[in-house]
Asks: 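Got a structure for you, questions after.
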Amino acid sequence: NAGVTQTPKFQVLKTGQSMTLQCAQDMNHEYMSWYRQDPGMGLRLIHYSVGAGITDQGEVPNGYNVSRSTTEDFPLRLLSAAPSQTSVYFCASSYDDSDLEQYFGPGTRLTVT
Amino acid sequence: GQQLNQSPQSMFIQEGEDVSMNCTSSSIFNTWLWYKQDPGEGPVLLIALYKAGELTSNGRLTAQFGITRKDSFLNISASIPSDVGIYFCAGTIYNFNKFYFGSGTKLNVKP
């Protein structure tokens with residue numbers, strides 16, 4: 001099992017560019033989520049999904065889109081990157097939404113200039 | 001969003017010392033969790049707490065779910081160098097879909 005994988009590991013974007021952060025898990029987990037981590041702050045939930053075809057907003061969803069067409073993949077899209085989106089992004093998954101043990105990916109460090 | 005106040009922000013201790021950190025919330029939580037994050041990696045779950053007053057241990061780690069359901073504590077006994085990292089509290093309020101995280105306690109252990 002590879003667990004939760006994220007690509008890319010690092011990315012630099014110019015303001016206004018778009019990109020997709022990839023997240024995949026091979027544990028057949030139903031629940032997947034995206035967080036951002038900023039210096040001096042805890043992780044903040046962006047979007048989450050309780051299964052294929054179902055997504056919902058977290059605490060800080062503005063500027064981000066998600067979709068969940070398969071159980072394995074949960075990409076995060078930035079349609080028009082802004083400097084305020086400079087952060088480290090973590091994807092996580094758990095068996096289902098009653099399972100508290102989330103497995104986190106290694107993170108993607110994004111810089112928007 | 002929900003405010004989780006975690007303290008202290010950072011700690012510098014000697015190997016072998018005990019460590020205490022805590023987390024408080026303005027809202028009642030129905031679960032409390034404690035994570036550890038090593039540099040360059042994602043957080044890893046250490047302990048999960050499910051009911052008020054619960055005291056749970058995981059090796060040298062002990063965590064408690066406060067009676068008011070608005071706080072939680074993590075203790076590490078006899079610290080070792082590999083305890084270095086950032087410790088986060090987290091919790092859920094209504095369901096297990098949305099997790100809220102504290103800002104972290106950075107632990108440094110001197111050999």
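Remember, it's a predicted structure, so these values are computed and weren't measured experimentally. Below, chain A is the first sequence line, B the second, and so on; all start at residue 1.
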Asks: May I ask whether B/Tyr100 and B/Leu49 are part of the same hydrophobic cluster, defined by side-chain heavy atoms of I, L, V, M, F, W, Y residues being less than 4.5 angstrom apart, directly or through others?
Replies: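 Cluster IDs for B/Tyr100 and B/Leu49 match.
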Asks: Let's test your reading of the structure: which of B/Ala90, B/Ala48, B/Cys89, B/Gly102 forms the most heavy-atom pairs below 4.5 Å with chain A?
Replies: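 When all of B/Ala90, B/Ala48, B/Cys89, B/Gly102 are compared, B/Gly102 has the most.
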Asks: Are A/Tyr48 and A/Tyr89 linked, directly or through intermediate hydrophobic residues, by side-chain heavy-atom contacts shorter than 4.5 Å (ILVMFWY only)?
Replies: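 No: no chain of side-chain contacts under 4.5 Å links A/Tyr89 to A/Tyr48.
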Asks: Pick whichever of A/Gly58, A/Gly40, A/Gly105 has the most heavy-atom pairs under 4.5 Å with chain B.
Replies: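 Top option by heavy-atom pairs under 4.5 Å: A/Gly40.
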Asks: Is there a path of hydrophobic side-chain contacts, each under 4.5 Å between heavy atoms, that joins A/Tyr103 and B/Ile86?
Replies: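 No, no single cluster joins them.
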Asks: Are B/Leu33 and B/Phe73 grouped together when hydrophobic residues (ILVMFWY) are joined by side-chain heavy atoms under 4.5 angstrom apart?
Replies: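 No, B/Leu33 does not connect to B/Phe73 through the hydrophobic network.
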Asks: Could you give the distance from CD (A/Glu101) to OH (B/Tyr35), rounded to the nearest 0.5 Å?
Replies: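 A/Glu101 CD to B/Tyr35 OH: 8.0 Å, rounded to 0.5 Å.
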Asks: When the aromatic ring centroids of A/Tyr35 and B/Phe99 are compared, is their separation below 6.0 Å?
Replies: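 No; B/Phe99 has its ring centre 6.0 Å or more from that of A/Tyr35.
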Asks: Between A/Val66 and A/Phe90, is there shared hydrophobic-cluster membership here, with clusters defined by ILVMFWY side-chain heavy atoms closer than 4.5 Å?
Replies: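 No, it is not one cluster - the side chains of A/Val66 and A/Phe90 are not joined through contacts under 4.5 Å.
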Asks: Counting only non-hydrogen atoms closer than 4.5 Å, does A/Gln6 touch chain B with its backbone (N, CA, C, O), its side chain (CB onward), both, or neither?
Replies: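 Answer is neither: A/Gln6 stays 4.5 Å or more from chain B.
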Asks: Of all heavy-atom pairs between B/Phe88 and A/Met41, which one has the smallest distance, and what is that distance?
Replies: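 Reported closest heavy-atom pair: CE2-O, 4.3 Å.
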Asks: What is the minimum heavy-atom distance between B/Thr31 and A/Leu100, and which atoms define it?
Replies: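 For B/Thr31 versus A/Leu100, the nearest heavy atoms are CG2-CD1, 3.9 Å.
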Asks: Give the minimum heavy-atom separation between A/Gln57 and B/Lys98, together with the two atoms involved.
Replies: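 In this case the closest contact between A/Gln57 and B/Lys98 is O-CE, 3.4 Å.
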Asks: Determine the minimum heavy-atom distance between A/Leu43 and B/Phe101, stating which atoms define it.
Replies: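 Minimum heavy-atom separation between A/Leu43 and B/Phe101: O-CB, 3.3 Å.
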Asks: Take a 6.0 Å sphere around CD of B/Gln9 and say whether it holds more than 12 heavy atoms from other residues, nucleotides or ligands.
Replies: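 Not more than 12 within 6.0 Å, no.
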